[in-house]
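These notes concern the structure reproduced below.
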Amino acid sequence: MSVQKPSIPQGTRDFGPAVVARRNYIFGVIRRVFEKFGYAPLETPTMENLSVLTGKYGEEGDQLLFKVLNSGDFLNKKNAAVTAEDLEAGSRKVLPKIAEKGLRYDLTVPFARYVVMNRGTLTFPFKRYQIQPVWRADRPQRGRYREFYQCDADVVGTDSLLCEAEIVLMMSEVLNTLGLTEHTIKINHRRVLGAFYQALGGEGTEVDLFTAIDKLDKIGQDGVTRELLERGFSEASVARLFELLSVQGSFAEKLQQLQSAFAAAQVPTEADGSYKGLQELGRVQQLLQDFGFTHFDHLEFDPTLARGLSYYTGCIFEIKINNVNMGSVSGGGRYDNLTGAFGLPGVSGVGFSFGVDRLYDCLEELNLFPEAVATTTRCLLASFDLENSRQLLPILRQLREAGVAAELYPDEAKLGKQFKYADAKGIPYVLLQGPEEQAASQFKLKELSTGQEQLLGWNAVLDALTK
RNA sequence: GUAGAUAUAGCUCAGCUGGUUAGAGCGUCGGAUUGUGAUUCCGAAGGUCGUGGGUUCGAGCCCCAUUAUUUACCCCA
């Protein structure tokens, strides 16, 4: 039998020790911010029933679900789960009979399911964060993986715009703590997009309009124009749209300009004469100001921001790192009827998600990972021979009892090899006690970064390693 | 699903219009140094050139197929 080359599935990765340490650093920053804002941790199963997942992400999303094959021989003649007629009818008919579970596609839908299942025991408003991997059967490419981590924070059970404001605060704090200062937090409102659609007089479909608008910064005005004309919008409407989108200036100025533009286009208002989308965006900005938010230069009202997920109904968010060519590292928004699909209507939720894998790629490209964090071992005990190793074992124990991460080189090897090992692993100290030191009842401690060696008594060694 | 690119040592890559025994850097291992890493010097191991077929006196190089990887579109974190 020939030896096969090992491999891992497309779009998945191994994470070596150094990478895990740096990923944990990112997780730690995000977790601390979430907890500081009062969010509690939640974990849900890797697998959900397909009935929970399907139909929540649109037709494309359903195709990107990883399905888990049922156990058992479903083609067995007796008690066959799949009949000849099923096979005749095609995969649509066969699939539900051979797969009833799937890997989670995001963290929001499992969260909604959890809320509905536990509604009796939860205290509302319920704030939860969740840091777990999700899977998508996508074509991998730059910044896109088939298995990746999301870090979600969501609130359900309140309409308060304070939640939206706090999302901006959390986004800003995480990015600044990580050193990703060249970022833009983009915010828009689904009802603003809706108003655009109304201002154009009801041609085409909302979805076509929104997905086209969303691409503006990517394919430019010409590209968007071409796409809209193909989708049945008139040239006059497209011209009108770009007039509306051309608003300039500060957050407040853009709101003001759109207010007048919508009125001029006779877009219907709420009973109180306002446009809800614009009004809510204004309130969020006001709340941030009252809180003392200081990074308004990184917050942008972007009327072209659309985002694909169809369930957003209020504010929508997205983060772009400006000095790295990478898709968005975070996104989110409000959904008025999050739990409706599971039989609990009228519960509003708002939340957002960080993509750790993309954040990692950004930090690496910009060289923003702090030094250190690499190895856990602080001190390597080097030995001269087996007898010496035996004598070092109690020393090893005492170091560990003192809380010093320490290891003894397990094989009989030359000192050079042992030092090389420490160096390669990033271990800062090497401790040894050969015949010379033993005679003097002392130890030799070498700090690899400086190359300095000291002859020390046991207490001094402990001092040096625990300080 | 659509389109392009790539595949040569553990890693990153050279390899001329097709011509002897396929190279470099890094890494690994050994030695210079049987009590000292990162630095220096010397040496060694390591390749069915992704796989299968074809053209040719001769193929890492040309042609066809196939697989894998990767980039872009769609969509998204």
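Chain letters run A, B, ... following the sequence lines, proteins first, then strands; residues in each count from 1. The analysis underlying the following values was restricted to heavy atoms, covering all of them including side chains, and did not include hydrogens, waters or symmetry mates.
Using a 4.5 Å cut-off on side-chain heavy atoms (C-beta onward), A:V350 and A:Y335 make no contact. For the pair A:F233 and A:T225, the minimum side-chain heavy-atom distance is 4.5 Å or more. The shortest side-chain heavy-atom distance between A:R23 and A:D357 falls under the 4.5 Å cut-off. By the 4.5 Å heavy-atom criterion applied to side chains, A:D152 and A:D106 are not counted as neighbours. In this structure, the side chains of A:D302 and A:I187 stay at 4.5 Å or more apart for every pair of heavy atoms. Residues A:F317 and A:I167 are in side-chain contact: their nearest non-hydrogen atoms beyond the backbone lie under 4.5 Å apart.
B:rC61 and B:rG19: their P atoms are spaced 11 Å apart (whole Å). Using atom P as the reference point in both B:rC73 and B:rC16, the two lie 34 Å apart (nearest Å). Separating the P atom of B:rU70 from that of B:rU12 is a span of 12 Å, rounded to the nearest Å. Taking atom C1' in both B:rG46 and B:rU28, the straight-line distance is 9 Å, to the nearest Å. Here, B:rU34 and B:rA38 have their P atoms 15 Å apart, quoted to the whole Å. Atom P of B:rC13 sits at a distance of 29 Å from the matching atom of B:rG1, rounded to the whole Å. Comparing B:rA59 with B:rU51, their C1' atoms are spaced 16 Å from each other, to the whole Å. Spacing between B:rU2 and B:rA45 at atom C1', rounded to whole Å, works out to 47 Å.
For the pair A:L415 CG and B:rG37 P, the computed distance is 9 Å after rounding to whole Å. Between the OH atom of A:Y421 and the C1' atom of B:rG27 there is a distance of 18 Å, rounded to whole Å. Between the CZ atom of A:R136 and the P atom of B:rG1 there is a distance of 19 Å, rounded to whole Å. For the pair A:D152 CG and B:rC76 P, the interatomic distance rounds to 16 Å; values are reported in whole Å. Rounded to a whole Å, the CZ atom of A:F354 is 19 Å from the P atom of B:rC76. Rounded to whole angstrom, the span from the CD1 atom of A:I30 across to the P atom of B:rA77 amounts to 15 Å. If you measure from atom CG of A:D62 to atom C1' of B:rC75, you get 13 Å, rounded to the nearest angstrom. Whole-Å rounding puts the A:L381 CG to B:rG35 P distance at 18 Å.
In this model, no side-chain donor or acceptor of A:E453 finds a partner on the base of B:rG35 within 3.5 Å. If you check distances only, the side chain of A:K446 does reach the base of B:rU36 with a donor-acceptor pair under 3.5 Å.
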Residues A:T12, A:E147; criterion side-chain hydrogen bond (donor to acceptor under 3.5 Å, both in side chains); working and verdict:
CA-CA 6 Å; A:T12 66; A:E147 177 183 55; 5.7 Å; no
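Listed in residue order, the members of residues 326-337 of chain A having a heavy atom less than 4.0 Å from RNA chain B are A:S328, A:V329, A:S330, A:G331.
A 6.0 Å sphere centred on CD of A:Q398 holds more than 12 heavy atoms belonging to other residues, nucleotides or ligands. Residue-environment remark: CD (A:Q454) stays at or below the threshold of 12 foreign heavy atoms within 6.0 Å. Atom CZ of A:R226 is surrounded by 12 or fewer heavy atoms from other residues, nucleotides or ligands within 6.0 Å.
For A:K414, a side-chain nitrogen or oxygen approaches OP1 or OP2 of B:rG31 to under 4.0 Å.
A:Y149 comes within 4.0 angstrom of no nucleic acid atom, judged by non-hydrogen atoms across all strands. Among the atoms of the strands shown, none is found under 4.0 Å from any heavy atom of A:E447. Using a 4.0 Å heavy-atom distance criterion, A:L432 is classed as a base contact.
In this structure, the nucleotide among B:rC75, B:rC29, B:rC76 sitting nearest to the side chain of A:R358 is B:rC76. Proximity note for A:F419 (side chain, C-beta onward) versus B:rU36, B:rG35, B:rC76: the nearest is B:rU36. The A:D138 side chain lies nearest to B:rC75 when the options are B:rU36, B:rC75, B:rC76.
Residue-nucleotide stacking is present for A:F148 and B:rA77, judged by a side-chain ring centre under 5.5 Å from the six-membered base ring centre and planes under 30° apart.
Nearer to the 5' terminus of RNA chain B, by closest-nucleotide assignment, is the contact made by A:D423 (compared with the other of A:D423 and A:S353).
Figure legend: cation-pi geometry between A:R22 and A:Y360 absent, as NZ or CZ is not positioned both under 6.0 Å from the six-membered ring centre and within 45° of its axis.
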Per-nucleotide protein contact along nucleotides 66-73 of chain B, 5' to 3', at a 4.0 Å heavy-atom cut-off (B base, S sugar-phosphate only, - neither), is ---S-SSB
Represent RNA chain B in dot-bracket notation, 5' to 3'. Only Watson-Crick or G-U wobble pairs with both distances under 3.5 Å count; pseudoknot-style crossings use [ ] and interstrand partners use |.
(((((((..((((.....[...)))).(((((.......))))).....(((((..]....))))))))))))....
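Looking at every heavy atom in both residues, A:L462 comes nearest to A:A402 through CD2-CB, 3.8 Å.
A salt bridge does not link A:K67 with A:E48: none of the charged nitrogens is closer than 4.0 Å to a carboxylate oxygen. The pair A:E35-A:R32 does not meet the salt-bridge criterion, since no charged nitrogen lies less than 4.0 angstrom from a carboxylate oxygen.
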